[in-house]
Each structure stands twice: as structure tokens, then as C-alpha cells.
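Values below: all heavy atoms of this structure, side chains included; hydrogens, waters and symmetry mates excluded. Not measured: the values here are computed from a predicted model.
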Amino acid sequence: MSGIMETRVKAIWAGLAVLAAGAGGAALAAGQAAPTMDKAAIEKMETRQSREAIAANRQLIETPYPGAETGNPKGDVTLVVFFDFACPYCRQGHADVQKLIAADPKLRVVYRDFPVLSPASEEAAMAALSAADQGRYMRFHNAMFESPGKVGRERTLGIARGVGLDEARTTAEL
């Protein structure tokens, strides 16, 4: 994920924390009980802020790392897939995304690596970007999700070799 987007997402959550802490702190300073927000009000505020963040960053979100997209490049709908190669839910969802691509010739899919689960996730994400630079992103991406095994350096490099990446270049870019 782009450093800018990561910074903005963190800023939204930090802003919510500051707002909540500020309201509670002001009430305590005034000798009052901290105000409470019901779950529905919090969810409504989060939804509104999420929509605003997405709208403000739509172009950045929908612009892929060169080569990290599939489907129809001029599609009328863009699906942005955030994933971590180490995520079992992402692995399961991969098949569903493939079905969507096959079913809709007007679908454009942009992939956004979101390597948060482990250092091995970060290495796999860097290998994927190396694959994109070498014109083999989808081969690498599909192989990572469709082959068995836990994400790790040896598996990542084995898949890189298997899809025809320049292993020395990919290793250097990790």
C-alpha cells in the first residue's frame, strides 16, 4: 500500500481516537461523566469518514502499481482488492475475484498489497511488485494464492522461479 494512503488511514483512526479522548477529557475536567455514543452513532460516523477518505483518495486508490491490475483496463467498474498473501481469507476470496473477472468482461481489477500479517508478507508483496516490473504480476499473484503452503521467503522465491522471474533481481528487490 502506498505510504500516503497508509498515513491517511492511520490519521483517520488517530483523529477518531483524539475526538473520543477529547470529549471524554473535557467532560471529566468539567466534573461531568464522559459522554457516551451508541454503537449506531459510532458506525454512522465511521461510515461517513470512510466515504470521505475514499472520495478524497479515489484516484490514488484506483491507480495501480504499473502492472498490478487485470481484467479490462478500460472497464466501466473498478474493483480494488486489498490483500495480504499470508491472509487465509484473502486466499479464499481470490477464487471469487477470479470468477468475477471471468463473468464480467467490463471489470477492471486493481490489486493493492496490504502486507500487515508478518515480515514474510512484506517480502511476498515486494516480490509481487518485482513481478509487476518484470511483466509477470498475475502469474506470481495467482501462484501465491493457488499453491499450498505458508508464506515465507523460500516459498516466495520458489514461486518467483516457477513463474519465470529473474531470481537475482527479485531477491535484490526484497
Side-chain angles (χ1 to χ4, degrees), residues 1-13 47 49-174:
M1 171 165 67
S2 144
I4 294 170
M5 186 61 191
E6 183 176 3
T7 300
R8 289 183 176 159
V9 169
K10 287 180 181 178
I12 290 169
W13 286 109
T47 299
Q49 289 180 334
S50 294
R51 284 185 183 146
E52 290 170 359
I54 290 169
N57 294 289
R58 180 170 295 284
Q59 183 176 2
L60 179 64
I61 293 168
E62 291 182 358
T63 301
Y65 184 87
E69 68 180 316
T70 193
N72 184 339
K74 297 187 186 298
D76 60 354
V77 173
T78 298
L79 171 65
V80 180
V81 179
F82 290 86
F83 68 93
D84 185 322
F85 285 117
C87 171
Y89 301 106
C90 300
R91 181 180 289 264
Q92 289 175 344
H94 173 74
D96 293 328
V97 172
Q98 297 307 305
K99 288 176 188 173
L100 289 172
I101 294 166
D104 186 353
K106 293 183 179 181
L107 180 64
R108 173 179 174 245
V109 180
V110 171
Y111 290 99
R112 290 279 182 202
D113 294 273
F114 194 63
V116 296
L117 295 177
S118 71
S121 297
E122 291 178 19
E123 286 186 339
M126 294 306 296
L129 297 180
S130 180
D133 289 341
Q134 296 178 50
R136 297 182 180 268
Y137 182 84
M138 286 312 303
R139 286 183 185 181
F140 180 83
H141 180 89
N142 291 340
M144 285 295 290
F145 278 126
E146 294 168 5
S147 64
K150 185 176 178 181
V151 173
R153 186 179 190 96
E154 290 307 313
R155 179 171 172 265
T156 298
L157 291 175
I159 289 173
R161 274 190 304 276
V163 300
L165 297 183
D166 177 333
E167 186 175 357
R169 177 179 173 182
T170 302
T171 301
E173 291 176 345
L174 294 185

Per-pair distances, 0.1 Å, donor-acceptor, side chain in residues 78-87, under 3.5 Å, sequence neighbours excluded:
from	atom 1	to	atom 2	distance (Å)
Thr78	OG1	Arg108	NH1	3.2
Asp84	OD1	Ala86	N	2.8
Asp84	OD1	Ser121	OG	2.7
Asp84	OD2	Val116	N	2.9
Asp84	OD2	Leu117	N	2.9
Asp84	OD2	Ser121	OG	3.2

**OP:** Test Ile159 against Ser147 for side-chain contact (heavy atoms from CB on, under 4.5 Å), laying out the working first.
**Re:** CA-CA 9 Å; Ile159 289 173; Ser147 64; 3.3 Å; yes
Subject >> Minimum-distance pair of heavy atoms, taken over all atoms of Gly152 and Ala120 >> reply: CA-CB, 4.0 Å
Subject >> For Ala127, all residues meeting side chain to side chain contact (heavy atoms under 4.5 Å, CB included), sequence neighbours excluded >> reply: Phe140, Thr156, Thr170, Leu174
Original post:
Among all residues two or more places apart in sequence or in another chain, which pass the side chain to side chain contact (heavy atoms under 4.5 Å, CB included) test with Lys74?
Top reply: Asn72
Subject >> Under 3.5 Å: donor-acceptor pair, side chain of Asp104, backbone of Leu100 >> reply: no
**OP:** Could you name each residue pair satisfying salt bridge (Lys or Arg N to Asp or Glu O under 4.0 Å) that touches residues 54-67, not counting sequence neighbours?
**Re:** Arg58-Glu62
Original post:
Looking at residues at least two apart in the chain, or sitting in another chain, which of them share a side chain to side chain contact (heavy atoms under 4.5 Å, CB included) with Ile101?
Top reply: Thr70, Val97, Gln98, Leu107, Val109, Tyr111
**OP:** Could you list the residues that satisfy side-chain hydrogen bond (donor to acceptor under 3.5 Å, both in side chains) with Asp166, not counting sequence neighbours?
**Re:** none
Original post:
With sequence neighbours excluded, what pairs up with Arg136 under the salt bridge (charged side-chain N to carboxylate O under 4.0 Å, His left out) test?
Top reply: none
**OP:** Check whether any side-chain heavy atom of Met144 sits under 4.5 Å from a side-chain heavy atom of Val151, and report yes or no.
**Re:** yes
Original post:
Does Glu123 have any salt bridge (charged side-chain N to carboxylate O under 4.0 Å, His left out) partners at least two apart in sequence or in another chain, and if so, which?
Top reply: Arg153
Original post:
Does the Arg155 side chain pair with the main chain of Pro148, one donor and one acceptor, at a distance under 3.5 Å?
Top reply: yes
**OP:** List in chain and number order the residues that pass side-chain hydrogen bond (donor to acceptor under 3.5 Å, both in side chains) with Thr171, two or more places apart in sequence or in another chain; answer none if no residue qualifies.
**Re:** none
Original post:
Looking at residues at least two apart in the chain, or sitting in another chain, which of them share a side-chain hydrogen bond (donor to acceptor under 3.5 Å, both in side chains) with Glu173?
Top reply: Ser130, Arg169
Subject >> Separation between CD of Glu69 and CZ of Arg112, rounded to the nearest 0.5 Å >> reply: 10.0 Å
**OP:** Please list all pairs passing the salt bridge (Lys or Arg N to Asp or Glu O under 4.0 Å) test where one or both residues lie in residues 85-94, with sequence neighbours left out.
**Re:** none
**OP:** Please work out whether the ring planes of Tyr137 and His141 are parallel, tilted or perpendicular, with thresholds of 30° and 60°.
**Re:** parallel
Subject >> For the student: nearest non-hydrogen atoms of Asp113 and Ala128, plus distance >> reply: OD1-CB, 4.0 Å
